[in-house]
Amino acid sequence: MCGIVGVVSSTPCKTRLIDGLERLEYRGYDSAGVAILQPGVSGEIAKSVGAPRVLREQMVTLESETLENGTVGIGHTRWATHGGVTDKNAHPHQVGRITLVHNGVIENYVELKALLAEKHSESAGSIPHVFSSQTDSEVLSAFLNYLVSEEGFDMDTALQSLPSHIHGTYGLVVIDSEKPEEIWVARSGSPMIIGLGDESNYVASDALALNPYTENFIYLDEGEFAMLAPKSFQVFDAEGNAISKRVEKLPYVSENDGHNGYSSFMAKEIAEQPAVIGRLIRAHLSPSGLKDGSELVALRQKMLGAENIHIIACGTSFNAGLVAKYYFEKYLNIPTSVEIASEFRYRDVAIPPKTVFICVSQSGETADTLAALRKANEAGYQATISLCNVATSSMVRESQGSLMLQAGVEVGVASTKAFTTQLTAFLLLAFALSECEATKKLLLESLFRLPADCESVLNISDEIKDRAAPLFQESQSCLFLGRGEQAPIALEGALKLKELSYIHAEAYAAGELKHGPLALIDDVIPVVINAPGGALTEKLAANVEEVNARGGRFLVFSAPGVDVHSDNQVDIKMPELSLVTAAITYAIPLQMLSYHVTVLRGQNVDKPRNLAKSVTVE
């Protein structure tokens with residue numbers, strides 16, 4: 001949530017700032033702003049409601065020498081927390097010597113504001129700052145200005161002292177007008193990344209913003225802060241000691257910057273699923289079994305003897321965990337619980353002996369899941385393991401073991417390929433832990449055919465567009481139903497449709513119909529059902545009859561030979577697919593359904609309103 005970019009250079013920085021902010025749009029935004037300095041001359045702030053392109057256009061009309069030619073700058077895309085969507089609430093915020101951009105939430109900003117008022121009232125001749133925004137971030141800038149201007153702190157001492165004053169989270173980039181040729185960055189609960197160049201240095205909340213300009217990155221750990229100048233930098237630990245950090249290389253992949261012939265990032269990422277799933281499988285398996293160099297070898301050792309598994313995640317990743325419960329209990333006979341991270345982190349948790357903790361996140365920076373991992377690391381689990389798509393993320397660095405999804409950069413806010421690679425990763429874990437040769441053979445065969453199965457599912461996209469999507473063009477509500485592993489896939493299908501098309505969507509295990517949802521059925525609301533076959537087909541057919549008797553309208557994705565009949569039905573036949581991986585393959589048509597319905601209703605499939613890709617605040 002929110003995006004930060006900073007540049008300290010010997011050449012104009014405006015273009016790099018705005019380009020970086022545009023690459024961070026997927027994180028969510030409602031306004032954007034920049035502060036640019038021309039050391040020795042002046043500084044200027046420009047900000048506006050809307051996308052970074054709106055800011056870019058505004059800056060052209062300002063005809064500002066400083067904005068055009070300034071060499072030190074910070075920029076921000078805001079996702080509103082404190083205060084409405086207004087120009088004044090947009091970042092950067094400037095108070096006295098301090099100009100800053102901030103990701104996170106300052107929980108005690110009201111108390112800080114009162115403290116500042118008290119300090120000014122005690123100081124003869126002191127003029128209190130008049131706050132122009134509703135944000136916690138402006139209070140933070142005022143507090144930092146108080147420390148450096150009135151208490152005489154150096155910037156390093158001021159940043160080091162923040163944890164003793166601040167309750168909440170922050171990723172900060174700060175400029176002090178008395179030292180305009182350097183910028184400072186600090187991390188406490190919100191990710192910050194330094195990019196190193198030859199004549200310029202950079203900072204951002206996501207390496208994606210900087211990758212076209214540098215492939216060399218330093219990832220700040222919790223509590224660390226740093227100073228950047230055009231040709232130098234220094235990182236400090238939480239106690240203020242200068243430290244050395246490893247430089248990570250992240251090769252630039254130009255394909256991540258655009259749609260590459262597709263109409264949207266979501267369309268591109270749906271189409272990439274066979275390839276990325278295949279890459280993940282081949283990284284760990286050969287036709288004869290587990291590869292020696294696979295991460296799964298080490299994870300197997302950490303999980304040996306586990307008698308319970310706790311899976312913790314949010315949103316789409318939580319739905320993946322619900323599927324994993326079926327995998328682990330069916331193939332490994334290990335009791336598995338799945339919990340939403342925002343609940344787990346705040347309750348008393350009973351941890352049976354020999355329990356493994358698994359957290360799941362595409363970004364590895366999801367605030368609630370990361371907090372849950374930190375709680376788990378102190379709680380006595382047998383092992384803490386992360387499933388993640390970003391190797392340099394906080395979650396991967398802080399867990400005791402990790403399995404990388406290898407999905408590549410996912411820009412669309414609604415997760416597609418990250419979700420299906422999460423499911424694939426869970427199946428790979430089940431394979432690695434299984435002691436049953438028949439189970440291992442079944443999983444190995446099903447996994448190796450999975451990329452081709454996914455490719456065959458993509459071929460029904462036009463049929464979904466032409467026959468299924470029109471059912472939802474005027475709908476205000478719908479239901480998704482599933483049995484077994486398809487029950488959490490129904491949850492994921494409903495989540496995708498509601499977050500993209502803004503249609504109210506709910507999902508239920510089909511056996512729950514008589515316990516409430518039947519009251520919603522009429523001849524208008526669409527009901528979406530996955531029917532891959534298997535032992536529960538007859539039960540599912542009976543559930544359909546219950547809805548059909550009440551005039552329901554159906555969209556059914558069914559396997560060849562599976563007949564789930566109703567009077568008002570669009571039946572889309574799926575290819576012949578493995579039942580072992582049906583949770584993965586039957587998730588894809590629901591992604592395509594959400595995509596086509598959203599396009600039909602004229603909404604943005606990549607950037608749904610009010611949502612962000614990476615939820616880095618509570």
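These figures come from a predicted structure and were not determined experimentally.
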Self-check item: Steps toward salt bridge (Lys or Arg N to Asp or Glu O under 4.0 Å) verdict (E445, R449)
Solution: CA-CA 6 Å; E445 291 174 351; R449 67 171 283 185; over 6 Å; no
Exercise. Step by step, work out the side chain to side chain donor-acceptor pair (under 3.5 Å) result for Q273 and T420.
Key: CA-CA 7 Å; Q273 288 176 108; T420 51; 2.8 Å; yes
Exercise. For K330, look at atom NZ and say whether over 12 heavy atoms of other residues, nucleotides or ligands are found less than 6.0 Å away.
Key: no
Quiz prompt | Heavy-atom pair with the smallest gap, counting every atom of T169 and I106 | solution = O-CD1, 3.7 Å
Quiz prompt | Check: F328 ring centroid to F426 ring centroid under 6.0 Å | solution = yes
Quiz item: Which of these passes side chain to side chain contact (heavy atoms under 4.5 Å, CB included) with V528: L479, L590, L481?
Solution: L590
Exercise. Check whether any side-chain N or O of D606 sits under 3.5 Å from a backbone N or O of M266 as a donor-acceptor pair, and report yes or no.
Key: yes
Exercise. Check the surroundings of atom CG in N333: do more than 12 heavy atoms from other residues, nucleotides or ligands lie under 6.0 Å from it?
Key: no
Practice problem: Could you check whether the rings of Y381 and H310 sit parallel, tilted or perpendicular, using 30° and 60° as the cut-offs? | Solution: perpendicular
Exercise. Indicate yes or no for a side-chain donor-acceptor contact from K325 to the backbone of S337 under 3.5 Å, with no hydrogens or angles considered.
Key: no
Quiz item: So, does E410 use its side chain to make a donor-acceptor pair with the main chain of A418 at under 3.5 Å?
Solution: yes
Self-check item: Any donor-acceptor pair under 3.5 Å from R78 side chain to A32 backbone
Solution: no
Exercise. Tell me, yes or no, whether the heavy-atom count around K440 atom NZ, taken from other residues, nucleotides or ligands under 6.0 Å, exceeds 12.
Key: yes
Quiz item: Considering only heavy atoms from C-beta outward, does the side chain of Y595 approach that of S263 to under 4.5 Å?
Solution: yes
Self-check item: Test salt bridge (Lys or Arg N to Asp or Glu O under 4.0 Å) applied to E343 and R347, step by step
Solution: CA-CA 7 Å; E343 292 297 316; R347 74 174 183 86; over 6 Å; no
